[in-house]
Trainee: 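Sharing a structure, written as structure tokens. Questions coming.
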Amino acid sequence: MKTADKPLLRALGGETLKHPPIWLMRQAGRYLPEYREVRTKAGAFLDLCYNPALATEVTLQPIRRFGFDAAILFSDILVVADALGQKVGFEEGRGPVLEALTTGKDLGKLSLDGFHEHLVPVYETIDRIKGALPPETALIGFAGAPWTVASYMIEGGSSRTFAKAKGWMHGRISDFAALVDLLVEATSQYLIRQVEAGAEVLQLFDSWAGALSHPDMRQFSLAPLRKIVANVHARHPEVPVILFPRGVGAGYLDFAVEEFAQGLGLDPGVPLEWARDHLQAHVCLQGNLDPQLLVIGGRGMGAGVARILHRLGKGPFIFNLGHGIVPETPPEHVAELVKLVRESAA
Ligand code: CP3
């Protein structure tokens with residue numbers, strides 16, 4: 001099969017397929033017993049991310065089980081902060097823990113020197129995955145968007161209010177701009193290397209874009225993403241990019257009409273008719289089943305899937321969740337979901 005014939009790439013090229021390609025955000029992870037086994041063997045979470053043999057294995061696990069149309073590199077958005085020199089750890093039950101940036105002086109500790117050397121295991125993982133995938137399966141590389149990554153770097157972990165990150169955005173304006181510029185440069189270079197290692201599609205996760213006002217979203221989510229995509233496309237114009245600015249509401253229109261990316265990931269709250277009528281003429285849409293419906297399964301899930309396929313299946317579309325799979329998800333429900341989507345006809 002030629003690269004261009006892969007269903008995921010056809011959808012991102014603007015084709016409407018008889019049934020949409022399907023993959024799931026966080027499709028490798030703790031809901032799979034075979035992942036938990038490898039995870040235990042690897043030790044710390046980042047050790048797994050930087051171990052090409054084990055990271056390749058967990059990337060392939062959901063492909064073997066479910067035959068998704070795409071594999072997504074197993075890594076994390078915070079490896080970029082780690083490679084820039086900020087210590088990143090993951091604690092059981094707490095998530096990411098970083099030594100928070102407190103003042104502009106801390107920016108001096110971050111540097112692009114040694115950035116790629118640190119990330120060599122990730123590039124090697126991509127190369128290995130590429131050699132092991134079935135011919136019809138596309139390989140997705142990814143990175144976090146500058147706003148989402150900056151929020152972890154300034155907060156030192158997850159946050160509900162983003163008080164510190166917004167404090168920088170509106171109080172330490174030039175420090176915040178310098179951090180965003182550094183992340184634009186680092187992320188652009190990182191994604192270019194991922195393409196050169198074998199990634200065929202790129203997804204940018206802006207998981208916390210929905211926490212911003214509309215003008216802040218345009219300035220600190222959309223504008224940096226536009227720059228990153230321009231940098232990547234200057235080197236690799238053929239690579240489709242999917243943006244996932246979770247929670248931006250009517251702001252999705254801004255991302256769609258500017259047409260700088262080929263795909264747009266919708267969260268579960270986006271009204272389907274609105275998306276079909278206002279977004280789908282501009283970009284291939286992706287989404288947006290509520291991850292809890294995948295936990296519940298049965299008729300609730302079936303009805304949710306049917307609604308989405310009915311509204312979005314008549315244009316360029318990729319079936320996905322509206323956010324990542326949760327660890328409580330029964331793997332049998334995932335198999336059932338793939339069957340429902342594959343047996344559908346728009
Ligand atoms: O999708 C995939 O299968 C590829 C791997 C992937 C992971 N994280 C692995 C992971 C991807 C694409 C991500 C992206 C990511 N990481 C995002 C954006 C997407 C989103 O969910 O909003 C964010 C915000 C992060 C940061 C992060 N990493 C958090 C907040 C956490 C803790 C929460 C949790 O689920 O535990 C992680 C850890 C993480 N990243 C795990 C996995 C499989 C769980 C760690 C473990 O196995 O112990």
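What you are looking at is a predicted structure, and each value in this text was computed from that prediction instead of being measured. One is the number of the first residue; the rest follow in order along the sequence. Atoms within each ligand, like the ligands themselves, are counted from 1 in listed order.
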Trainee: Between F244 and ligand 1, which part of the residue brings a heavy atom under 4.0 Å of the ligand: side chain, backbone, both or neither?
Mentor: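 Neither; nothing of F244 gets under 4.0 Å from ligand 1.
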Trainee: Run down the list F142, Y152, F45 and name the one with the heavy atom closest to atom 24 (C) of ligand 1.
Mentor: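 The residue whose heavy atom sits nearest atom 24 (C) of ligand 1 is Y152.
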Trainee: Distance under 4.0 Å to a non-hydrogen atom of Q27: what atoms of ligand 1 satisfy this?
Mentor: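 The list of qualifying atoms is 1 (O), 2 (C), 3 (O).
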Trainee: Please state which protein non-hydrogen atom is closest to atom 48 (O) of ligand 1 and give its distance, to 0.1 Å?
Mentor: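 Heavy-atom neighbour on the protein nearest atom 48 (O) of ligand 1: R39 NH2, 2.8 Å.
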Trainee: Return the option from V79, L46, I77 holding the heavy atom at the smallest distance from atom 17 (C) of ligand 1.
Mentor: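 That would be I77.
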Trainee: Does one side chain, of H323 or D267, offer a donor that lies under 3.5 Å from an acceptor on the other?
Mentor: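 Side chains of H323 and D267: no pair found under 3.5 Å.
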Trainee: Taking 4.0 Å as the limit for heavy-atom contacts, which would you say applies to L73 with ligand 1: side chain only, backbone only, both, or neither?
Mentor: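 Under 4.0 Å from ligand 1, L73 contributes backbone atoms alone.
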Trainee: I'd like to check which ligand 1 atoms, numbered from 1 as shown, lie under 4.0 Å from a non-hydrogen atom of H323.
Mentor: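 What qualifies from ligand 1 is 20 (C), 21 (O), 22 (O).
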Trainee: Hey, does D76 come in under 3.5 Å of ligand 1, counting only N/O atoms on both sides?
Mentor: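 N/O-N/O distance under 3.5 Å: yes.
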Trainee: Under 4.0 Å, counting heavy atoms only: does R246 come that close to any atom of ligand 1?
Mentor: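 Flag not set, R246 not near ligand 1.
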Trainee: Going by heavy atoms in the side chains, are L179 and L101 under 4.5 Å from each other?
Mentor: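 In contact.
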Trainee: Taking distance alone, with N or O pairs closer than 3.5 Å, would you say Y35 contacts ligand 1?
Mentor: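 By distance alone, the answer is yes.
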Trainee: Measure the distance from atom 1 (O) of ligand 1 to every protein heavy atom, then report the residue, atom name and distance (to 0.1 Å) of the closest one.
Mentor: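 So the nearest neighbour among protein heavy atoms is R26 N, 2.7 Å.
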Trainee: Between H282 and F255, is the gap from one ring center to the other below 6.0 Å?
Mentor: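 Ring centroids of H282 and F255 are no less than 6.0 Å from each other.
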Trainee: Looking at ligand 1, does S75 have a heavy atom less than 4.0 Å from it?
Mentor: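 S75 counts as a contact of ligand 1 under the 4.0 Å cut-off.
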Trainee: Between the candidates P96, P62, G95, which shows the shortest non-hydrogen contact distance to atom 29 (C) of ligand 1?
Mentor: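 Closest candidate by heavy-atom distance is P96.
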Trainee: Taking N or O atoms only and a 3.5 Å limit, does F90 qualify as a polar contact for ligand 1?
Mentor: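 No, F90 has no N/O under 3.5 Å of an N/O on ligand 1.
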Trainee: What is the ring orientation for Y190 with F115, classed by angle as parallel under 30°, tilted 30 to 60°, or perpendicular over 60°?
Mentor: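 Perpendicular: the ring planes of Y190 and F115 meet at over 60°.
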Trainee: Between D127 and K130, is the closest basic N to carboxylate O distance under 4.0 Å?
Mentor: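 Between D127 and K130 there is no salt bridge, as every charged N stays at least 4.0 Å from the carboxylate O atoms.
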Trainee: Hey, which of V295, L294, V334 is the one that makes side-chain contact (heavy atoms from CB on, under 4.5 Å) with Y31?
Mentor: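 Only one of V295, L294, V334 forms a side-chain contact (heavy atoms from CB on, under 4.5 Å) with Y31, namely V334.
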Trainee: Starting from atom 22 (O) of ligand 1, which protein heavy atom do you reach first, and at what distance in Å?
Mentor: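 Answer, as residue, atom name and distance: S207 OG, 2.5 Å.
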Trainee: Measure centre to centre between the rings of F220 and W208, then say whether the value is under 6.0 Å.
Mentor: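 Judged by ring-centre distance (under 6.0 Å), F220 and W208 do not meet the cut-off.
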Trainee: Side chains of F319 and L312: closer than 4.5 Å at any heavy-atom pair?
Mentor: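 Counting from C-beta outward, F319 and L312 never come under 4.5 Å.
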Trainee: Is the closest heavy atom of I325 to ligand 1 under 4.0 Å?
Mentor: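 No.
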Trainee: Side chains of L110 and L107, heavy atoms from C-beta outward: is any pair under 4.5 Å?
Mentor: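 Yes. Closest side-chain heavy atoms under 4.5 Å.
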Trainee: Are there protein heavy-atom neighbours of atom 33 (C) of ligand 1 below 4.0 Å?
Mentor: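 Given the 4.0 Å cut-off, atom 33 (C) of ligand 1 does not count as touching protein heavy atoms.
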Trainee: Between M25, R30, Q61, flag the one that comes closest to atom 35 (O) of ligand 1 by a heavy atom.
Mentor: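 Nearest option to atom 35 (O) of ligand 1, by heavy atoms: R30.
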Trainee: Just checking F142 against F74, ring centres under 6.0 Å apart?
Mentor: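 For F142 and F74, the ring centres are not under 6.0 Å apart.
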Trainee: Taking all atoms of both residues into account, what is the closest heavy-atom pair of G265 and P245, and its distance?
Mentor: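 Heavy atoms only, the tightest pair is O-CD, 4.0 Å.
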